[in-house]
Amino acid sequence: MMRLVMDSPDFSGVRLAYDTVAEEYASRFPDARAEAPLDRAMVDAFAAAVVDGGGHPRVLDAGCGAGRMSRYLTERGCRVDGVDLSPGMIAMARRDHPDLPFAVASLTDLPFPDDTFAGVMLWYSIIHTPPAGQARIFAEAARVLQPGGHLLVGFQSGHGPRDVGELYKALGFDVELERHNYTADEVAARAGAVGLHEVCRMVRQKRAGERDGQASLLARALDAAPG
């Protein structure tokens, strides 16, 4: 797939916010226990699809943060590479998971050749990109995904932006951070626009302590054409 050339949003504020809170974030979320059982079930289904696909189960955890979900995927048989926009988060990932490879990179410009991965996971990593920047993220995910590979996207369900900087300010961090809610139909359409076909979706109501409902979508790339 050819790399699409389009303007990228300015992520400098997102990078700064996560660099600022990286150590606190890694401490509060060391593993996948914060995920609801339904959310983990979708990650399990993704990992199983990759591992059972018959090829090499290499997965990109795109927007890996401090690496907690990279570890979760590794424990389920995937060979994981993690990338994140925040050098601070990558430092925490390397500290806490020294056996896994992590690199600083943007979701809009992934440092990998075409058709590298059997799976790509965007686990709550599209949420800080406004609608106008979503197409490039999905195009890059599809570009590095092998024929027949799987994409998993996790996100807050709904419409419009939310101020999440206030949550960190309550912990003593002076950061500005906005996230965007999307519907499962919107995410499915973006995956479809880059040639990926929906396998299944999960949409659930918010739990105690959550501001919004949560959703995830599993999609698959077409197999390579014969000959």
Side-chain angles (χ1 to χ4, degrees), residues 1-9 11 38-55 57-64 69 73 78 81 83 105-110 112-161 179-205 212-227:
M1 178 179 292
M2 293 181 62
R3 182 185 295 268
L4 299 181
V5 179
M6 57 185 83
D7 292 335
S8 297
F11 294 116
L38 284 173
D39 303 335
R40 290 198 302 270
M42 287 294 287
V43 181
D44 291 343
F46 166 73
V50 170
V51 172
D52 296 343
R58 190 177 179 190
V59 167
L60 176 63
D61 185 1
C64 64
M69 299 306 292
L73 290 171
C78 300
D81 291 76
V83 297
S106 171
L107 303 185
T108 61
D109 191 18
L110 296 172
F112 301 100
D114 296 0
D115 305 336
T116 297
F117 297 98
V120 174
M121 186 167 78
L122 295 164
W123 196 244
Y124 292 86
S125 50
I126 70 168
I127 64 174
H128 297 303
T129 302
Q134 291 289 319
R136 179 156 182 164
I137 291 178
F138 280 84
E140 276 292 272
R143 180 184 67 78
V144 301
L145 194 61
Q146 298 167 357
H150 287 79
L151 171 72
L152 179 65
V153 190
F155 49 100
Q156 284 89 2
S157 178
H159 299 278
R179 68 168 166 84
H180 298 266
N181 287 17
Y182 296 108
T183 68
D185 284 343
E186 288 175 315
V187 172
R190 288 174 183 132
V194 294
L196 306 181
H197 297 267
E198 180 179 349
V199 174
C200 63
R201 66 177 69 181
M202 187 281 298
V203 181
R204 65 171 178 81
Q205 299 302 309
D212 299 286
Q214 311 293 312
S216 51
L217 184 132
L218 181 64
R220 185 176 184 271
L222 292 177
D223 293 320

Is the side chain of Arg136 donor-acceptor paired with the backbone N or O of Asp109 at a distance under 3.5 Å, no angle test?
no
Determine the minimum heavy-atom distance between Gly63 and Leu107, stating which atoms define it.
N-CD2, 3.6 Å
Nearest heavy-atom approach of Ala141 to Leu110 is N-CD1, 4.3 Å
Rounded to the nearest 0.5 Å, what's the gap from CG on Leu152 to CE on Met42? Could you check?
5.5 Å
Taken to the nearest 0.5 Å, the spacing of Asp61 CG from Ser125 OG works out to 7.5 Å
Answer yes or no: is there a side-chain heavy-atom contact under 4.5 Å between Ser157 and Gln214?
no
Across all chains, not counting sequence neighbours, the side-chain hydrogen bond (donor to acceptor under 3.5 Å, both in side chains) partners of Gln134 are Tyr182
Between Thr116 and Gln146, is the side chain to side chain contact (heavy atoms under 4.5 Å, CB included) condition met? List the steps.
CA-CA 6 Å; Thr116 297; Gln146 298 167 357; 5.7 Å; no
Looking only at non-hydrogen atoms, find the nearest pair between Pro57 and Ala118 and report the distance.
CA-CB, 4.4 Å
Pairing residues for Arg179 by the side-chain hydrogen bond (donor to acceptor under 3.5 Å, both in side chains) criterion, not counting sequence neighbours:
Asn181, Asp212
Show your reasoning for whether side chain to side chain contact (heavy atoms under 4.5 Å, CB included) applies to Leu151 and Leu122.
CA-CA 8 Å; Leu151 171 72; Leu122 295 164; 3.9 Å; yes
Enter the distance from Arg58:CZ to Cys78:SG here, rounded to the nearest 0.5 Å.
12.5 Å
Measuring from atom CD1 of Ile137 to atom CZ of Arg190, what distance do you get when rounded to the nearest 0.5 angstrom?
9.0 Å
Please tell me if the side chains of Phe138 and Val153 come closer than 4.5 Å, counting only heavy atoms from C-beta onward.
yes
Hey, does Val59 have a side-chain heavy atom less than 4.5 Å from the side chain of Val120?
no
Grab the two heavy atoms, one from Ala47 and one from Leu73, that are nearest each other, plus how far apart they are.
CB-CD2, 4.1 Å
Tyr124 and Phe155 aromatic centres sub-6.0 Å:
no
Is there a side-chain contact between Cys64 and Trp123 in this structure, where contact means two heavy atoms from C-beta onward sitting under 4.5 Å apart?
no
What are the two closest non-hydrogen atoms of Arg143 and Pro113, and how far apart are they?
NH1-C, 3.6 Å
Please name the pair of heavy atoms, one in Val50 and one in Gly119, separated by the smallest distance, quoted to 0.1 Å.
CG2-CA, 3.9 Å
Are Leu217 and Glu198 side-chain neighbours, meaning at least one heavy-atom pair lies under 4.5 Å?
yes
Answer yes or no: is there a donor N or O on one side and an acceptor on the other, between the side chain of Thr183 and the main chain of Gly158, under 3.5 Å?
no
Rounded to the nearest 0.5 Å, what separation is found between the CG atom of Leu218 and the CZ atom of Phe46?
7.5 Å
When rounded to the nearest 0.5 angstrom, what is the spacing between CG in Leu222 and CG in Leu145?
10.5 Å
Pairwise side-chain contact, Thr129 with Thr108, heavy-atom cut-off 4.5 Å (strictly under):
no
Does any pair with a residue in residues 41-53 pass salt bridge (Lys or Arg N to Asp or Glu O under 4.0 Å), and if so which ones, sequence neighbours excluded?
Asp44-Arg76
